[in-house]
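Quick notes on the structure that follows.
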Amino acid sequence: MAKNRKNQSAAIRFGPALKALFLCLLIAGSAVGYVWQKSQIYQLGKQIHQKEVRLAQLARDNKKLDDQLGLLRSPVMLDQRARELKLGLGPVPPMNVFRLQETPVVAPENKNLPRQLAVRQADARTQ
Amino acid sequence: MIKRRQQFIRALALLGLVVLAFVGLGFRLMDLQVWRHDELVKMAEKKSLQTTWHPAKRGDILDANGNQLATSVFVKTICADPTLIGGQQAIVARAIAPLLGMSGADLYQRLIPRVAKNSKGETVTNGLHYVRLQKNVTDETWQKIKTRMSQLTFGVDEKKLSKANRAFLRSLRQYAISAEPDQLRVYPNGPLAAHVLGFVGTLENTNHTSELFGYDGVEKFFDDKLRGASGWRVTGSDSRGKELVALRDEDVQAQGGLNVVLTIDAAIQHIVESALTNAAEKHAPQGITGIVMRPRTGEILAMASLPSFDPNNLRSINTNTEPNRVISDVMEPGSTFKTLVISGALNEKVVKLSDSVFCENGVFRYGGITLHDSEGHHFGNLTVQQVLQKSSNIGASKIGIQLQAPKLYEYMQDFGLGAFTGIPLPHEASASRYVHPLKGKYSIVQIPMGQGVAATRLQMAMAFGAIANGGVLMHPMLVKRLEDQNGNVVQRYEPQSVRRVVTESTAKQMIEALKTVVSKEGTAPLAAITNYTVAGKTGTAQKVVDGRYSSEKFVVSFIGFFPADNPELCISIVMDSAKEGGRAFGGALCGPVFSEIGKRCASYLNIPPDQISPPPAAAPAVVASAQTRNNMQTP
């Protein structure tokens with residue numbers, strides 16, 4: 001037979017209250033977490049967008065500088081500038097060019113070479 | 001009792017209404033979620049999803065040293081939506097016309113919404129939301145336009161305006177003027193190597209984007225490599241149309257086109273074009289061409305044809321300037337062809353250089369026709385070498401007769417005449433119909449002197465290259481490699497030989513004979529280059545006008561190589577219809593051009609001289625090793 005509510009103990013029952021609190025916290029926490037995560041995603045999206053804009057700008061600047069360099073190195077441009085500045089540049093007569101003979105470099109004779117090679121081979125085997 | 005019945009009826013009616021309402025809702029739900037699902041999904045996606053295209057950067061064309069010959073620049077095409085401008089055209093036009101380089105009145109007219117009629121006479125409003133204002137606008141200018149549009153004032157206190165009017169003005173500032181990505185092809189050196197590079201056209205796509213496509217030259221031949229692949233991005237956007245990065249669905253980066261690295265050296269190309277321009281000013285020819293190639297590899301270092309055009313300015317292109325005469329013009333080679341005949345005869349051991357040929361004192365009758373030697377020469381006995389040196393028509397014809405028609409035809413084919421050289425350029429002529437098995441009655445005397453046969457200038461240059469290369473014909477090489485946008489090599493092209501045409505010993509004999517052409521006794525003393533031994537041959541061919549050989553118009557040429565015994569460069573110069581007419585020959589007109597180009601190229605490439613001349617009085621100016629090129633020189 002059920003007890004009359006009037007006869008129930010007045011003491012607070014913490015168990016259910018804690019359970020309810022935990023449940024509320026869980027729901028509230030999930031909600032806050034969800035919003036925080038969405039906010040982070042949005043912020044990261046903004047950052048990605050800014051970085052992409054910056055990257056595109058840098059790529060454009062790079063291309064522009066590259067084009068300028070290409071123009072400055074253009075033989076047509078160099079020839080025109082040399083004429084404009086009257087630098088007196090012209091083809092060098094072939095007989096004004098000294099040609100050095102590139103002889104192959106011969107290593108000095110080293111008596112210890114065979115021994116060193118042998119040692120190195122031995123080292124290689126031990127590794 | 002009655003009251004209870006009434007209550008029941010009312011409840012029933014209410015229930016019916018509720019059921020009806022639910023049925024209605026259910027019907028609507030089915031309509032939205034099932035029957036019109038696809039249509040509505042598309043509508044929703046259209047509103048919230050936006051697709052943006054990333055155009056692929058067209059690959060560059062570079063010379064052998066990495067100098068830019070053609071490149072692409074990203075620009076904007078500025079567009080307007082006249083429906084968003086309302087009646088504010090004057091204010092918008094005044095604000096942005098100076099930035100677009102247009103007159104305010106013109107821009108005003110273009111901003112007025114118009115309803116057009118199509119070919120069927122129907123009223124269409126397709127173009128109503130889109131008017132293209134200006135192409136090739138730089139990014140900086142577009143940023144200025146955006147700023148100016150955002151700062152537009154309309155002379156009213158906007159706070160007092162209705163919400164709808166304020167929204168209209170906001171939309172005008174933000175969306176009325178927009179920009180589309182576009183590309184501009186730039187040729188930094190202007191007309192330099194225009195015929196090799198070609199030019200591009202613009203292909204308009206249905207989604208208001210445009211694409212570059214190659215129209216001629218390397219741009220056309222390597223179009224699929226240069227083009228690349230566009231990328232795209234499908235992404236969500238907010239109510240203001242701003243992209244929400246988190247909602248990106250597809251994001252495919254554009255794949256830039258490949259860079260084409262040519263064998264052309266911009267400095268040598270400039271040397272050739274300068275020399276040809278000077279010659280053109282002096283002799284006023286109908287056309288003049290020049291080729292510089294390395295005989296050992298077949299690499300084309302320069303290829304020029306005048307008159308030329310500037311690919312940056314498409315208006316400079318017309319039927320006179322567009323054709324690349326080096327590969328598309330078919331002409332009778334004249335006396336340069338004697339080189340091939342005598343090579344064949346030497347190779348077949350039909351004659352020796354020292355053999356004597358009687359040149360009939362300048363008049364030779366054969367099969368009813370009479371041949372003459374040029375310049376009124378009346379040669380008696382000449383050696384085979386002298387036939388080449390003096391360019392005797394009769395001598396060459398007699399050698400041709402000795403070689404016999406089938407063999408001559410065989411050698412013509414072996415030297416590459418009548419077949420495509422395989423150069424990677426469009427519109428190459430093979431001249432196959434002009435290279436036949438000498439069935440005509442007079443062919444055997446006519447063809448050896450370079451008449452009745454035709455070839456392109458490139459074919460003749462490659463044939464001379466074969467002699468310079470010890471008898472081995474090479475494929476002309478115009479492209480060294482293909483690179484990606486980061487400079488990684490994707491494909492490398494190597495020199496390729498076609499076939500051995502004559503033996504090495506025959507080639508050596510021919511070189512000895514060709515050296516004499518550039519001597520004082522030969523036909524081209526003006527082609528000589530100080531400190532270098534030159535071997536080459538002149539050509540003077542009558543042009544065919546109205547089916548007859550003209551006595552006024554000539555195609556004159558000089559093809560040669562140097563240093564003769566160790567050839568580094570083979571140069572061909574051909575001049576069409578110079579003002580001198582028949583008064584001047586290949587040696588006199590093209591020889592000096594050859595010499596000028598050869599001298600400057602030798603200096604630029606630091607080619608070791610093979611002739612010792614007295615040392616100069618001044619101290620040596622440059623000290624260099626044999627293998628290093630002096631990059632400090634101007635061409």
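Residue numbers begin at 1 in each chain, while the letters A, B, ... track the order of the sequences.
- Interface residue B:S72: only backbone heavy atoms are found under 4.5 Å from chain A.
- Residue B:D63 does not touch chain A at all, counting heavy-atom pairs closer than 4.5 Å.
- Interatomic distance, B:K599 NZ to B:C601 SG, rounded to the nearest 0.5 Å: 12.0 Å.
- With a threshold of 4.5 angstrom between heavy atoms, B:L62 does not approach chain A through any atom at all.
- A:K64 touches chain B through its side chain: at least one heavy atom from C-beta onward sits under 4.5 Å away, while N, CA, C and O do not.
- For B:E140, the part lying near chain A is the side chain, with the backbone staying farther off; criterion is any non-hydrogen pair under 4.5 Å.
- Of the inter-residue distances, the one linking B:T138 atom OG1 with A:R60 atom CZ reads 10.5 Å to the nearest 0.5 angstrom.
- Of the two parts of A:R81, neither the backbone nor the side chain holds a non-hydrogen atom closer than 4.5 Å to a non-hydrogen atom of chain B.
- Here B:L212 contributes atom CG and B:K57 contributes atom NZ; the two are 11.0 Å apart, rounded to the nearest 0.5 Å.
- Atom CD of B:E243 is surrounded by more than 12 heavy atoms from other residues, nucleotides or ligands within 6.0 Å.
- Side chain of B:Q68 to backbone of A:S74: no donor-acceptor contact under 3.5 angstrom is found.
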For residues 45-52 of chain A, tabulate all N or O donor-acceptor pairs below 3.5 Å that involve a side-chain atom, not counting sequence neighbours.
{"unit_1": "A:E52", "atom_1": "OE1", "unit_2": "B:R248", "atom_2": "NH2", "d": "2.6"}
{"unit_1": "A:E52", "atom_1": "OE2", "unit_2": "B:R248", "atom_2": "NH1", "d": "2.8"}
{"unit_1": "A:E52", "atom_1": "OE2", "unit_2": "B:R248", "atom_2": "NH2", "d": "3.2"}

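- Contact of B:A266 with chain A is made through backbone and side chain together, with heavy-atom distances under 4.5 Å.
- Within the 3.5 Å criterion, the main-chain N or O of B:A193 finds a donor-acceptor partner in the side chain of B:E273.
- For residues 14-35 of chain A, a heavy-atom distance under 4.5 Å to chain B picks out no residue at all.
- Judged as a side chain to side chain donor-acceptor pair (under 3.5 Å), and not counting sequence neighbours, the contacts of B:E483 are B:R481.
- For B:T71, the side chain to side chain donor-acceptor pair (under 3.5 Å) criterion is met by A:K63, B:D60, not counting sequence neighbours.
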